[in-house]
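One structure is given below, encoded as structure tokens.
To find a chain, count down the sequence lines: A is the first, B the second, and so on, and within it residues start at 1. Scope of the values below: all heavy atoms of this structure, side chains included, with no hydrogens, waters or symmetry mates. These numbers come from a predicted model, not from an experiment.
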There are 2 protein chains.
Amino acid sequence: MKNIDVSKVIDQCDIVSGVLKSLSHPIRLKILCYVIEGDRTVNELTEYCGIAQSSMSQFLGRMRKEGILSSRRVATNIYYGMADPKLKKLLKSIKEIYCK
Amino acid sequence: MKNIDVSKVIDQCDIVSGVLKSLSHPIRLKILCYVIEGDRTVNELTEYCGIAQSSMSQFLGRMRKEGILSSRRVATNIYYGMADPKLKKLLKSIKEIYCK
DNA sequence: ACATAATATTAACAATACATAATATATGCT
DNA sequence: AGCATATATTATGTATTGTTAATATTATGT
């Protein structure tokens, strides 16, 4: 196994902890775990998570601002998708570690 | 590459997001990145992070309660170490993803 | 142009987290 | 027993975050 070297994480603690903050809320994590399977509309996500539409919109808006989600409009629907390849990798790792 | 299957993450979103919350603060992340290299005393961690002793103690106490850090007393010093192998793995993954 | 469906924004409040200061506890030394 | 050092706890003010309700915007269909 490779040597443990977290020095670069330490240098970037502010940035990385910010990213992780996005995953630190159960609904946000649930959103991301759903969206990683494919783009979803706000409506789909709202029903899936069982929360108020306003809350969902705020969560999505926040994550879009943070650059981890992207959005595209199709008629009246807006599809959200994963915008950050690193986060995609991280979610997969999380699944590997916590769900086997 | 293996199929993406995050269904189990979804089942455990509450638990997993809780763990990630611990990494979502720059100082807590810094602490963990330092401790993963080997057990450290409160004093070492305090100086390393450059924060007040009381703050450090509260961060450490919190993470110990959450079960991600362990502590053992040696004379007047208390050494903190990683208590959770899964978190250890996760930190390594984070390093892989964000620091290469 | 109007009604409707989907999404976003704003405001107000409650809950949580952080920083700081002050005090308390535990251990070792003399 | 008394003192010094290391660590923990408590209390308080402040900031951040989450929730809810109300309102606004954007696009579609008639």
List the steps, then state whether side chain to side chain contact (heavy atoms under 4.5 Å, CB included) holds for B:S24 with B:L20.
CA-CA 6 Å; B:S24 75; B:L20 294 169; over 6 Å; no
Are the side chains of [Y] and [X] in contact, using a 4.5 Å heavy-atom criterion?
X: B:L90; Y: B:L23; answer: yes
X: A:E44; Y: A:N77; answer: no
X: A:K95; Y: A:L91; answer: no
X: B:S17; Y: A:R28; answer: no

For A:I15, what are the other residues in its hydrophobic cluster, where any two members join if their side-chain heavy atoms are less than 4.5 angstrom apart?
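A:I15 clusters with nothing; isolated.
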Who else is in the cluster with A:Y79 when I, L, V, M, F, W and Y are joined by side-chain contacts under 4.5 Å?
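Direct or chained contacts put A:Y79 with A:V74.
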Residues touching DNA chain C, which here means a heavy atom under 4.0 Å, drawn from residues 53-62 of chain A:
A:Q53, A:S54, A:S57, A:Q58
Give the residues of residues 63-80 of chain B touching DNA chain C, defined as any heavy atom closer than 4.0 Å, sorted by residue number.
B:R73, B:A75, B:T76
For residues 56-68 of chain A, pull every pair meeting side-chain hydrogen bond (donor to acceptor under 3.5 Å, both in side chains), keeping only residues two or more places apart or in separate chains.
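Pairs touching residues 56-68 of chain A that pass the test: A:S22-A:E66, A:S54-A:Q58, A:R62-A:E66, A:R64-A:Y80.
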What side-chain hydrogen bond (donor to acceptor under 3.5 Å, both in side chains) pairs are there with at least one residue in residues 67-76 of chain A, not counting sequence neighbours?
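Non-adjacent pairs meeting side-chain hydrogen bond (donor to acceptor under 3.5 Å, both in side chains): A:D39-A:R72.
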Along DNA chain D, 5' to 3', what are the outermost nucleotides having an atom less than 4.0 Å from a heavy atom of chain A?
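Using the under 4.0 Å cut-off, the span is D:dT17 to D:dT28.
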Could you note down all residue pairs passing salt bridge (charged side-chain N to carboxylate O under 4.0 Å, His left out) where residues 13-26 of chain B supplies at least one of them, sequence neighbours left out?
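Listed by first then second residue: nothing to list.
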Atom CE of B:M56 and atom CD1 of B:I27: how far apart are they, to the nearest 0.5 Å?
6.5 Å
About how many Å separate NZ of A:K92 and CD1 of A:I36, when rounded to the nearest 0.5 Å?
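Rounded to the nearest 0.5 Å, the CD1-NZ separation comes out at 6.0 Å.
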Heavy-atom contacts under 4.0 Å between residues 41-49 of chain B and DNA chain D, which residues?
B:T41, B:V42, B:N43
Taking only N and O in the side chain of B:K21, is any of them less than 4.0 Å away from OP1 or OP2 of C:dA17?
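B:K21 to C:dA17 OP1/OP2: side-chain N or O found under 4.0 Å.
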Write out all pairs satisfying ring-ring contact (aromatic ring centres under 6.0 Å, His included) with one or both partners inside residues 36-60 of chain B, taking only residues at least two apart or from two chains.
B:H25-B:F59, B:Y34-B:Y48
Closest non-hydrogen contact found for A:M82 with A:V35 is N-CG1, 3.6 Å
Separation of B:I31 atom CD1 from C:dC18 atom C1', in whole Å?
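After rounding, the gap between these two atoms is 13 Å.
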Only counting residues at least two apart or in another chain, list the ones meeting side-chain contact (heavy atoms from CB on, under 4.5 Å) with A:V19.
A:L87, B:Y98
Read 5' to 3' with Watson-Crick or G-U pairs under 3.5 Å, [ ] for crossing pairs and | for partners on another strand, DNA chain D gives ||||||||||||||||||||||||||||||
